[in-house]
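For reference, the structure is listed below as C-alpha cells.
The basis for the numbers below is simple: all heavy atoms, side chains too, and nothing from hydrogens, waters or symmetry mates.
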Amino acid sequence: MNFEQARFNMVEQQIRPWDVLDFDVLDALAEVPRERFVGEAQQAYAYADMTLPLPNGGSMLEPKIVARLIQGLALKAGERVLEVGTGSGYATALLHKLGGSVTTVDIDAAQQQRAQSVLNELGFSNVAYQTGDGLAGVSESAPFDAIYIGGAVPVVPEALKNQLKNGGRMVVVAGSAPVQRALLITRHGEGFTERALFDTFIPYLNAPPAAGKFQF
C-alpha cells in the first residue's frame, strides 16, 4: 500500500473539508506516519475516516477530530504542551511537531509504553511520560502553554484550567449525550474565556473498554 498517497488523500479529502486550514497543522498531518501508530492488521485503514482499535480495548478517533482540536490550540514553536490521554501516541507526535516539549499522561501504563516505543523510533525525543489520571493535573512541569485532552469529559476539569499559563489554551470535548461540544478555553490572568469549536459525540476519556474508550 502507498501510505504517502493515502496520507495525502486523508489531508485533502477528510481534513481540509472539515475546516482544518492551518498550514502548519496540515504539514504535520502530511508528515506523521499514522500507520505506525496502529496494529499491523489495521494499517490498511490507517488513513480512513473511521475509528481504529487499540490493543487495550480503546480506539483511535478519526483523524479529522484530532486535527480540528489541535488546530484550535494554535501552537507555536517552543511552547510546552500537556497531553491528557497518550492513547496511540499519534496526537503526541502532532503536538510535538507543532509545539516544543510535550508532557503526556495516560492511565494505562502498558498502552503508553507501546506509544512511547513508536514515538522513540520516529525520533520524537522531547516527550516526558507520566502514568496516572491526567484529569487531576500533573504534579510537575506546570504551568503549560497548551493542554490537549484526548477524549471527552462530563465537565471541564478545573484542575487543568489552573495549570495553564496566562494566555494558555486548552481544548476539550465536554458534555453528555446526545451532543458534546469541543471547547477552546483560554486563560486571561485569573479568568478564562470559552469558545465552542464544533459539536460531536465521543465516549469519555478513561471509560472502561466495554463502554468504548477513545484515545486520540
Side-chain angles (χ1 to χ4, degrees), residues 1-40 42-54 58-104 106 114-127 145-152 169-173 182-184 197-200 202 205 214-216:
M1 178 175 179
N2 187 334
F3 288 120
E4 289 189 7
Q5 184 63 49
R7 198 175 307 128
F8 175 84
N9 292 343
M10 176 193 75
V11 171
E12 296 301 316
Q13 298 172 13
Q14 298 175 41
I15 307 300
R16 285 184 187 272
W18 224 56
D19 292 331
V20 179
L21 303 174
D22 182 281
F23 289 125
D24 291 335
V25 174
L26 293 172
D27 286 346
L29 290 161
E31 294 168 5
V32 174
R34 194 169 189 263
E35 72 275 8
R36 295 291 301 277
F37 296 91
V38 302
E40 186 174 352
Q42 285 81 45
Q43 285 190 343
Y45 308 102
Y47 296 99
D49 187 16
M50 59 187 293
T51 61
L52 295 173
L54 294 176
S59 301
M60 293 174 68
L61 202 59
E62 58 262 47
K64 67 186 182 186
I65 297 286
V66 182
R68 188 85 176 269
L69 288 170
I70 291 179
Q71 176 178 255
L73 287 175
L75 291 171
K76 303 175 184 66
E79 290 194 313
R80 297 175 62 251
V81 183
L82 172 65
E83 178 189 31
V84 179
T86 310
S88 68
Y90 177 65
T92 318
L94 295 171
L95 294 167
H96 185 284
K97 288 190 75 69
L98 292 163
S101 63
V102 178
T103 297
T104 184
D106 200 282
R114 286 188 286 267
Q116 182 176 353
S117 295
V118 176
L119 289 162
N120 287 345
E121 290 172 5
L122 293 174
F124 293 101
S125 58
N126 201 12
V127 180
D145 297 293
I147 297 177
Y148 173 94
I149 300 180
R169 296 88 61 206
M170 176 168 68
V171 286
V172 57
V173 176
L183 302 171
L184 170 65
L197 298 176
F198 57 93
D199 290 342
T200 187
I202 59 174
L205 184 73
F214 282 72
Q215 299 178 320
F216 301 171

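- When all heavy atoms of A93 and L119 are compared, the pair lying nearest together is CB-CD2, 3.8 Å.
- Closest heavy-atom contact between Y148 and V171: CD1-CG2, 3.8 Å.
- The side-chain heavy atoms of P63 and I15, taken from C-beta on, include a pair separated by under 4.5 Å.
- Looking at heavy atoms from C-beta onward, Y45 lies in side-chain contact with L52 at the 4.5 angstrom threshold.
- Note that CG of L95 and CZ of F124 are 10.5 Å apart. Values are rounded to the nearest 0.5 Å.
- Taking the side chain as every heavy atom from C-beta outward, T103 and E83 never approach each other to under 4.5 Å.
- Using a cutoff of 4.0 Å between basic side-chain nitrogens and carboxylate oxygens, E62 and R68 are not scored as salt-bridged.
- Judged by distance alone, the side chain of R80 and the main-chain N or O of A146 form no donor-acceptor pair under 3.5 Å.
- The two atoms that bring A48 and Q14 nearest to each other are C-NE2, 3.8 Å, heavy atoms only.
- Residues M1 and E35 are not in side-chain contact: their nearest non-hydrogen atoms beyond the backbone lie 4.5 Å or more apart.
- Smallest separation of non-hydrogen atoms from L197 and G72: CD1-CA, 4.3 Å.
- Applying the ring-ring contact (aromatic ring centres under 6.0 Å, His included) rule to pairs touching residues 60-87 yields nothing, sequence neighbours excluded.
- Taking a 6.0 Å sphere around CD of E40, one finds it holds 12 or fewer heavy atoms contributed by other residues, nucleotides or ligands.
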N126 vs V102, side-chain contact (heavy atoms from CB on, under 4.5 Å): CA-CA, chis, key distance, verdict
CA-CA 7 Å; N126 201 12; V102 178; over 6 Å; no
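- For D145 (side chain) and E79 (main-chain N/O), no donor-acceptor pair under 3.5 Å exists by modelled atom type.
- The side-chain heavy atoms of R114 and V118, taken from C-beta on, include no pair separated by under 4.5 Å.
- Separation of atoms CZ (R169) and CG (L183) is listed at 16.0 Å; rounding is to 0.5 Å.
- In this structure, the separation between NE2 on H96 and CG on L122 is 11.0 Å, given to the nearest 0.5 Å.
- Taking 4.5 Å as the limit, every side-chain heavy atom of L73 sits out of range of all side-chain heavy atoms of L69.
- Here the CD atom belonging to Q42 is positioned 10.5 Å from the OG1 atom belonging to T51, to the nearest 0.5 angstrom.
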Identify all side-chain donor-acceptor contacts of residues 18-33 below 3.5 Å with residues at least two apart in sequence or on another chain.
from, atom 1, to, atom 2, distance (Å)
D22, OD1, D24, N, 2.9
D22, OD1, V25, N, 3.0
E31, OE1, K97, NZ, 2.9

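- If you take CZ on R36 and CD on Q43, they are separated by 8.5 Å, rounding to the nearest 0.5 Å.
- When every heavy atom of A91 is checked against every heavy atom of V66, the shortest pair comes out as CB-CG1, 4.0 Å.
- Between F3 and Y47, the ring-plane angle classifies as tilted under the 30° and 60° cut-offs.
- Heavy atoms of other residues, nucleotides or ligands lying less than 6.0 angstrom from CD of Q5 number more than 12.
- No option in T86, V81, V84, L82 other than T86 meets the side-chain contact (heavy atoms from CB on, under 4.5 Å) test with T104.
- Listed here is the closest heavy atom pair of G150 and L205: O-CD1, 3.2 Å.
- Taking CD of Q13 as the start and NZ of K64 as the end, the distance is 13.0 Å to the nearest 0.5 Å.
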